[in-house]
Protein chains: 2
Amino acid sequence: MGWLSHEEDCVEMTRTRSAPTISQVAAAAGVSRSSVSRAFTNPHLLSEETVKNVLRIADEIGYVPNHTARALSTGRYANIAIIVPDIANPFFPPMIKAAQEDADNSGFCVFLGNSNEDPAREDQLLARFLGQVEGFILVSSRLGEQRIRHYVERCPLVLINRDIKGLPRVLIDSGPGVSEAVHHLAELGHKSIAYLSGPKRSWSNTQRLAAVKKAGRELDLKVSVISTTTPSYQAAREVSARLINTGATAVISFDDLTAQGVIAGLSDHGLVVPRDISVVGCDDVLDAATHPSLTSVSSRSAESGRTALSILLDFLRKGNTGDIRFSLDTRLVSRETTARPRLP
Amino acid sequence: MGWLSHEEDCVEMTRTRSAPTISQVAAAAGVSRSSVSRAFTNPHLLSEETVKNVLRIADEIGYVPNHTARALSTGRYANIAIIVPDIANPFFPPMIKAAQEDADNSGFCVFLGNSNEDPAREDQLLARFLGQVEGFILVSSRLGEQRIRHYVERCPLVLINRDIKGLPRVLIDSGPGVSEAVHHLAELGHKSIAYLSGPKRSWSNTQRLAAVKKAGRELDLKVSVISTTTPSYQAAREVSARLINTGATAVISFDDLTAQGVIAGLSDHGLVVPRDISVVGCDDVLDAATHPSLTSVSSRSAESGRTALSILLDFLRKGNTGDIRFSLDTRLVSRETTARPRLP
DNA sequence: ATGATTCATGCAACCGGTTGCAATGTCAAG
DNA sequence: CTTGACATTGCAACCGGTTGCATGAATCAT
């Protein structure tokens with residue numbers, strides 16, 4: 001490991017040759033800059049011959065229209081930004097990937113911002129992107145509503161998993177899936193379950209907690225709630241004692257990561273999943289790739305990205321608005337971490 | 001699920017108010033545009049009083065310098081682009097996250113491109129970003145060497161996991177880590193191990209296979225090689241019978257995903273990891289987040305991102321560099337899926 | 001032949017900043 | 001009282017495109 005220098009064949013990175021400009025093409029082709037411009041953007045305004053000629057020369061010189069200059073004069077940046085709390089959280093990549101792919105197909109480039117769950121950083125990112133994008137997708141934003149509204153005045157913006165009236169938003173509604181999970185547990189014979197809570201201020205957490213409580217009430221189950229400091233694997237692992245003390249025979253955890261933490265924590269106390277305790281995750285980011293494979297509430301993360309992007313592009317094209325609130329429901333994916341409770 | 005419209009409180013997204021410009025600030029402050037510009041970029045050229053005054057007025061009006069306009073006139077875009085084959089592959093997000101974070105701290109915005117393993121798409125992305133970035137990080141590029149060199153002439157570029165002479169590149173060398181894994185198994189007392197192979201033509205697979213064989217030879221272990229059709233969880237799960245037939249008491253698998261498949265497959269045959277068979281993964285994308293937590297060869301994906309970024313920024317600041325080939329070695333992260341073999 | 005249309009192209013202003021250079025003012029040294 | 005050095009500020013050109021309007025030529029109807 002280290003820095004190696006090869007003297008042989010030092011092609012290396014030299015100072016970058018500056019790109020050919022529209023003027024150079026114009027000069028070489030013997031036409032005005034306008035004509036070159038039009039050859040690229042409005043060829044129907046020019047004679048076929050001129051267009052062909054200009055394009056040929058441009059190609060020879062290696063000219064490519066400068067995105068930035070074009071953006072400045074037209075105001076159409078052909079860029080959008082996606083800001084997420086944590087790229088490394090497996091919940092987000094499928095979403096980013098889907099949105100990015102669709103943006104790409106519409107000729108848009110996408111900026112990616114990682115707020116690290118920090119509102120100040122998120123704010124800074126927004127500000128930095130503001131002058132060079134046509135729109136934002138803000139995922140699970142931690143930013144205050146006032147700040148968000150501030151940015152909306154300047155630039156179109158679509159929220160994912162944040163519910164603010166009047167702003168276009170896509171919400172993954174854990175309700176149905178979580179409710180289904182509770183029913184699933186009840187059917188297996190569980191009487192007492194626990195919910196391992198995520199970040200207090202998170203919209204998803206609120207949703208999930210409410211759904212667990214509601215379904216628990218309807219089915220006459222005992223529902224205990226356990227909180228962690230942060231929704232991490234380690235934090236979840238460490239609350240297992242409290243979890244066991246509740247007497248619950250099944251746990252629904254805020255997300256898949258914490259669910260895995262729970263499984264490890266239970267194991268630390270000699271308990272085996274699902275024999276001794278059943279565990280359900282949320283988001284289904286692991287597919288079936290763990291053993292035992294995790295029963296989880298599917299999150300449709302990719303679809304949310306696609307949907308948000310299409311709302312954004314629709315707005316950019318048609319100016320259409322209205323109070324858009326798109327809700328994606330979820331369902332339970334039943335796998336190997338849930339089973340009948342042990343007989344007492 | 002579906003589109004809901006609330007008539008009440010339709011704040012909605014209205015046509016965007018255009019941002020205040022430098023001229024407006026200049027007028028309001030009674031100074032020239034140059035002075036406003038300098039108040040933001042070279043305050044030391046102005047009297048303290050003027051600076052204070054301009055900034056105050058700018059703040060009142062809500063003026064923020066336009067990134068695009070600035071980029072056009074200075075040529076400093078303060079943007080870079082990262083292009084990866086597949087965002088959803090858990091190997092990449094930590095890398096992207098690390099690079100993005102450092103870029104952020106240096107005032108750079110980052111574009112993210114997803115080539116979907118498709119050279120043509122990758123080429124298109126490069127072209128599209130070209131006019132608005134100061135540099136590229138190209139990860140596991142699938143592009144032909146000629147095309148890459150073509151772009152390097154136009155714009156600084158750093159490669160990750162692609163070895164082209166003369167271009168700055170960061171390579172993750174699985175050799176040491178895999179070798180360490182073999183030693184680890186040998187120390188535990190294993191005499192016969194297996195390598196579950198990944199894609200035949202993959203550079204990483206070749207490297208890993210070679211390292212296993214070499215270390216096995218040195219330590220006088222029996223090494224069996226098992227191939228799968230594709231390196232998926234399911235495929236790995238399905239070869240467990242063949243695996244068991246080799247008589248190996250430990251397996252090193254191409255990556256973490258297939259390692260998990262192996263664990264599940266062994267379980268299908270009533271074997272428990274690590275009691276009956278030890279398993280080692282590669283890339284360490286799961287952290288400790290599974291149970292039992294996976295012993296794996298760390299890939300240092302985040303570090304590779306950080307390193308590539310710092311090479312790029314160094315170049316942007318200081319200019320010329322030599323032929324940089326930065327190699328990151330790997331090491332074994334020993335966790336819970338490896339143990340002494342059962343006594344025969 | 002003539003005025004009206006249409007087509008192809010160029011001119012010049014503009015997008016919103018930055019920056020080299022010149023102009024003006026201030027102050028201290030000679 | 002000059003003179004020169006230095007600090008402040010404005011002027012105007014420039015970055016690389018786009019686009020409304022004007023121009024001139026060719027086509028067409030009358």
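Convention: sequence-line order gives letters A, B, ...; per-chain numbering from 1. Here the structure is a predicted model, which is why all the values come from computation and not from measurement.
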Value in whole Å for how far the [atom2] atom of [N] lies from [atom1] of [X]:
| X | N | atom1 | atom2 | value |
| --- | --- | --- | --- | --- |
| B/Leu45 | D/dC6 | CG | C1' | 12 Å |
| B/Lys52 | D/dT8 | NZ | C1' | 17 Å |
| B/Glu48 | D/dT8 | CD | P | 9 Å |
| A/Ile22 | D/dT18 | CD1 | C1' | 8 Å |
| A/Glu49 | C/dC7 | CD | C1' | 14 Å |
| B/Asn53 | D/dT8 | CG | C1' | 15 Å |
| A/Asn42 | C/dC7 | CG | C1' | 15 Å |
| B/Asn66 | C/dG16 | CG | C1' | 6 Å |

Heavy atoms under 4.0 Å, any strand shown: does [X] hit a base, just sugar-phosphate, or nothing?
| X | answer |
| --- | --- |
| A/Val36 | nothing |
| A/Tyr63 | sugar-phosphate |
| B/Thr41 | sugar-phosphate |

For nucleotides 12-15 of chain D, give me every protein contact, N/O to N/O, under 3.5 Å, one pair per line with atom names.
from	atom 1	to	atom 2	distance (Å)
D/dC15	O2	B/Ser73	N	3.3

Return the CZ to CG distance between A/Phe92 and A/Leu112, rounded to the nearest 0.5 Å. 11.0 Å
Rounded to the nearest 0.5 Å, what separation is found between the OG atom of A/Ser37 and the CG atom of A/Asn42? 7.5 Å
Check whether the ring centres of B/Phe40 and B/Tyr63 lie less than 6.0 Å apart, and answer yes or no. yes
Do A/Asp104 and B/Arg121 make a side-chain contact, defined as non-hydrogen atoms from C-beta onward lying under 4.5 Å apart? yes
Are B/Asp102 and B/Ser310 side-chain neighbours, meaning at least one heavy-atom pair lies under 4.5 Å? no
Protein-to-nucleotide contact annotation, 5' to 3' order, nucleotides 21-28 of chain C [B base; S sugar-phosphate only; - none; under 4.0 Å, heavy atom]: --------
5'-most by nearest nucleotide on DNA chain D - A/Pro65 or B/Ser32: B/Ser32
Can you name the nearest heavy-atom pair linking [X] to [Y], along with the distance?
| X | Y | value |
| --- | --- | --- |
| A/Arg154 | B/Ile61 | NH2-O, 4.4 Å |
| A/Gly166 | A/Asp323 | N-OD1, 3.2 Å |
| A/Ala98 | A/Arg306 | CB-NH1, 3.7 Å |

Can a side chain N or O of [X] be found less than 4.0 Å away from OP1 or OP2 on [N]?
| X | N | answer |
| --- | --- | --- |
| A/Thr50 | C/dT9 | yes |
| B/Ser37 | C/dT19 | no |
| A/Tyr77 | D/dG17 | no |

Could you check whether the rings of B/Phe136 and B/Phe129 sit parallel, tilted or perpendicular, using 30° and 60° as the cut-offs? tilted
Is the backbone N or O of A/Asn161 less than 3.5 Å from a side-chain atom of A/Ser140, with the two atoms forming a donor-acceptor pair by type? no
